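This is a predicted model, so every value here is computed, not measured. For this chain, numbers begin at 1 and follow the sequence in order.
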Amino acid sequence: MIELDHIYNKDCLVGMMEIPEGTVDLIVADPPYIVSRSSGGTVNDVKKLNLSLFDLDKANLRDGYDIASFTEHVRRLQGDKINAYFWCSKAQIPEYFRIYAGVLKCKFEIICWHKQNALPTYFNKYLSDTEYCLYFHNGGFTHPATYEDAKTYEVGCINHEDKKKFGHPTIKPLPIIQRMVRNSSQVGGVVLDPFMGSGTTAVACIKENRHFIGFELNREYFDKAVTRIGTINSKS
């Protein structure tokens, strides 16, 4: 039985079937990206890129996922009131828009995290200095309380400190996730993160007084997330 305020070491598609229909107020997801090995830089840049991609390969985070199939689980849990954030690579944006904006007729926002110290690989291409998070909603709660919370972009450095501390290659800054949770759910609401990683969404929910449910298939990251959440709870 799936309980609130727990992370489960299991495939999210299996776990989501155990959650009652219509009980998830918000989804915050950082699924596997589609990432290319094209570098467009110097030898040193290629080495840095290959190291980064090695980390993604190790975590099975580089070949994307089946967006259409996953959407069926989203619809079961949220019904007609879609309320979901999806971090994604540029290559995945058309498919998300085809399904969520096209088929499901959702309203949308494009949230951008602009990195000031991205890898300098720009020969025959632009810098990969922006990460995208697509917010789709159709009847779900969305109510930024301040001008700062309503901004659709964040400017900052790549979070090397969090990567080193929690050991996850695609960890997102906690303040950004807190803002998403705060803007698109109410106190006491239920937030699902199907790809929990090192536990950032759970920490955001604890800090913002929301309930969370999370799934993380990788045992190493699951253990780190559980430890991280335990540390936060012990300070509460």
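- Ion pairing between K151 and E154 fails under the 4.0 Å rule for side-chain N and carboxylate O.
- Judged by distance alone, the side chains of H114 and T130 do bring a donor and an acceptor atom under 3.5 Å apart.
- Looking at T23, its side chain never comes within 3.5 Å of a backbone N or O of I19 through a donor-acceptor pair.
- A donor-acceptor distance shorter than 3.5 angstrom exists from the side chain of H6 to the backbone of L4, with no hydrogens or angles considered.
- Aromatic rings of F108 and F97 (six-membered ring for Trp) have centroids within the 6.0 Å cut-off, being under it.
- Judged by distance alone, with hydrogens and angles left aside, the side-chain atoms of Y8 form a donor-acceptor pair with the main-chain N or O of E3 at under 3.5 Å.
- In this structure, D5 contributes its side chain and F212 its backbone to a donor-acceptor pair below 3.5 Å.
- Between I99 and I67, the closest side-chain pair of non-hydrogen atoms falls below 4.5 Å.
- In this structure, K81 and N138 have side chains that are not in contact, with every pair of non-hydrogen atoms separated by 4.5 Å or more.
- Within the cation-pi definition used here (under 6.0 Å to the ring centroid, within 45° of the axis), K172 qualifies as a partner of W87.
- Under a 3.5 Å cut-off, the side chain of R76 and the backbone N or O of M16 do form a donor-acceptor pair.
- Annotation: ring pair (Phe, Tyr, Trp, His ring centres under 6.0 Å) contacts involving residues 171-207, sequence neighbours excluded, comprise Y65-F195, F70-F195.
- The shortest distance between side-chain heavy atoms of M180 and I111 falls below 4.5 Å.
- Closest heavy-atom contact between G15 and I2: O-CG1, 3.9 Å.
- Contact record, G79 with I82: O-CD1, 3.7 Å, taken as the closest heavy-atom pair.
- Ion pairing of E18 with K10 is present here, as a side-chain N (NZ or NE/NH1/NH2) and a carboxylate O approach within less than 4.0 Å.
- In this structure, R210 contributes its side chain and S185 its backbone to a donor-acceptor pair below 3.5 Å.
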### Message
Working note: F215 + L192, criterion side-chain contact (heavy atoms from CB on, under 4.5 Å); need CA distance, chi angles, decisive distance, verdict.
### Response
CA-CA 9 Å; F215 301 104; L192 168 68; 3.8 Å; yes
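- Here the side chains of K107 and F136 are not in contact, with every heavy-atom distance at 4.5 Å or above.
- M196 CE to T201 OG1: the interatomic distance, rounded to the nearest 0.5 Å, is 5.5 Å.
- Here the shortest heavy-atom pairing between V28 and V191 reads CG2-CG1, 4.1 Å.
- In summary, the side chains of Y135 and N183 do not present any donor paired with an acceptor at a separation below 3.5 Å, with no hydrogens or angles considered.
- The closest donor-acceptor contact from the side chain of S184 to the backbone of V181 lies at 3.5 Å or more, if one exists at all.
- Of the possible donor and acceptor atoms, one in the side chain of N83 sits under 3.5 Å from a partner among the backbone N and O of D25.
- Within 6.0 Å of the CG atom in D80, the count of heavy atoms belonging to other residues, nucleotides or ligands does not exceed 12.
- The backbone N or O of S89 lies less than 3.5 Å from a partner atom in the side chain of Q92, making a donor-acceptor pair.
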### Query
Are Y33 and E131 close enough, and set up right, to give a side chain to side chain donor-acceptor pair (under 3.5 Å), and what steps lead you there?
CA-CA 11 Å; Y33 288 10; E131 290 208 30; 2.7 Å; yes
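- Rounded to the nearest 0.5 angstrom, I232 CD1 and C205 SG are separated by 12.5 Å.
- Residues L134 and Y85 have side chains not in contact (no heavy-atom distance under 4.5 Å, counting atoms from C-beta outward).
- Contact check on K224 versus E220 returns a salt bridge, with a Lys/Arg side-chain nitrogen under 4.0 Å from an Asp/Glu carboxylate oxygen.
- Using a 4.5 Å heavy-atom cutoff, the side chains of C133 and W113 are not in contact.
- Here the side chain of D193 pairs no donor or acceptor atom with the backbone of A29 at under 3.5 angstrom.
- Inter-residue side-chain proximity for L174 and V203 is flagged as met; some heavy-atom pair is nearer than 4.5 Å.
- Contact of the Y100 side chain with the F86 side chain is registered, since non-hydrogen atoms from C-beta on lie closer than 4.5 Å.
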